[in-house]
Amino acid sequence: MRPKTAKIILAGWLIDGSGGPIRKNQIIGIKKGCIDFICDAKESNYQKQELLDLSHCTLLPGLIDCHTHLCMSGSSDPEIRRRQLDLSFEDAVKIIHQHLKQYRKWGIIAVRDGGDRKGHTLQYKLSKHNKDQSLICLKTAGRAFHQSGRYGKLIGRSFALDSSLAKDVKENQEDIDHLKLVNSGLNSLTRFGVETAPQFSAKDFKKAVKIAKNRGLSVMVHANGKKPVQIAIEAGCTSIEHGFFMGEDNLNKMAQKKIIWIPTAITMQAYLRHMQKHSIESKICKKNLDHQLDQIRLAREKGVITAIGTDAGSQGVHHGSSVQEELKLFISAGYSISKAVKCACFHGATLLNLKNKGLLAKDRDADFIAFEKSPDNLFQNIIEPDMICLQGDFGDFGGRPLHL
Ligand SMILES: [Zn+2]
């Protein structure tokens with residue numbers, strides 16, 4: 001049986017999203033959808049009858065996917081992948097709905113969209129998204145900007161040759177949440193570590209970032225390889241997306257400038273699953289993944305702020321479940337469970353500018369997910385949360401029947 005609401009909850013283990021130690025036997029008080037207090041079970045003089053006993057569960061804040069494409073599915077079927085590039089808005093709405101539903105089932109409370117070719121996700125957000133109904137916070141870039149003839153057509157627009165990135169960004173008046181710029185190509189799956197040239201000059205890029213920042217927009221940059229990432233960092237972008245093969249110097253600069261890194265390592269693992277074993281592509285893909293995990297390890301040591309983003313919608317990367325898969329990869333690269341959760345919660349909320357989310361702490365929203373197990377092997381098997389509570393409401397938000 002699942003309760004509709006509860007005022008006081010006993011959590012067997014609490015991971016609060018701050019990266020601090022996992023706390024045992026915690027009492028969480030909820031008032032008007034927010035957290036009223038958290039204390040040790042022994043200190044509290046709660047009434048037993050008003051308590052929701054989750055002493056066999058691990059509780060953590062709702063998760064955030066900092067890099068997704070809501071318009072595209074993770075299907076590996078080439079026909080589906082081809083069709084989804086040319087969707088009508090009506091069809092896009094159905095797909096976006098489906099993906100948001102999946103996110104909710106997996107306990108994801110906010111997503112940051114990296115763009116689609118026709119700007120459907122932005123149109124959806126402005127005309128159809130009912131945040132009160134879905135309770136998922138959606139931030140979107142609309143259409144990404146890329147150089148004509150270079151990678152990016154799937155997720156955005158290029159511009160006339162006599163124009164410039166800065167001019168185009170300046171003229172764009174769409175009601176976007178953040179600006180998405182594409183400054184490199186994709187990773188090669190046939191030659192290891194090949195870096196593509198930057199798409200824009202440092203000068204043009206810097207100007208564009210400045211214009212966006214003056215408009216109050218954060219800037220997310222698709223960049224792989226040393227030079228494309230360096231240009232984005234020097235321009236003062238907010239986050240580097242992917243950042244494969246960006247190298248140690250760039251990581252040092254990111255730590256210094258507090259630029260957030262979204263490694264999306266899961267993309268390589270997902271490709272790998274669908275490749276023919278022992279093929280050249282699968283060998284390169286595995287090397288790419290291992291190299292990225294080494295960079296994540298290094299980033300942690302250097303204090304780079306990292307967040308969990310999946311690039312859901314790319315081949316084999318599914319909306320919702322892939323957040324836990326990326327968490328698992330962070331843990332395999334040396335993050336403790338608690339620190340990895342911080343990346344998916346507090347760092348995500350910071351990046352999306354959601355001041356009430358990301359932490360289970362006094363006065364923040366009572367958004368949490370519960371797993372019926374101890375934290376020791378959390379994310380070892382990728383499973384849906386057993387319970388999801390959004391702003392204090394345990395309503396019909398998915399989760400499997402809990403054994404109370
Ligand atoms: Zn992407």
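We count ligands from 1, going down the list as the structure has it; atoms in each ligand are counted the same way.
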message = Report whether any nitrogen, oxygen or sulfur of His242 sits less than 2.8 Å from the Zn ion (ligand 1) (N, O or S, backbone or side chain).
response = no
request  = Ignoring hydrogens and angles, state whether a donor on the side chain of Asp113 or Thr68 is under 3.5 Å from an acceptor on the partner side chain.
outcome  = no
Ring centre gap for His69 and His99 strictly below 6.0 Å = no
message = Please confirm whether the ring centroid of Phe245 lies under 6.0 Å from the ring centroid of His291.
response = yes
task = Keeping the roles fixed (side chain from Asn224, backbone from Ser184), state whether a donor-acceptor pair exists under 3.5 Å.
result = no
request  = Specify which N/O/S atom of His67 comes nearest to the Zn ion (ligand 1), by atom name.
outcome  = NE2
remark   = the Zn ion (ligand 1) -> Asp311, closest N, O or S atom is OD1
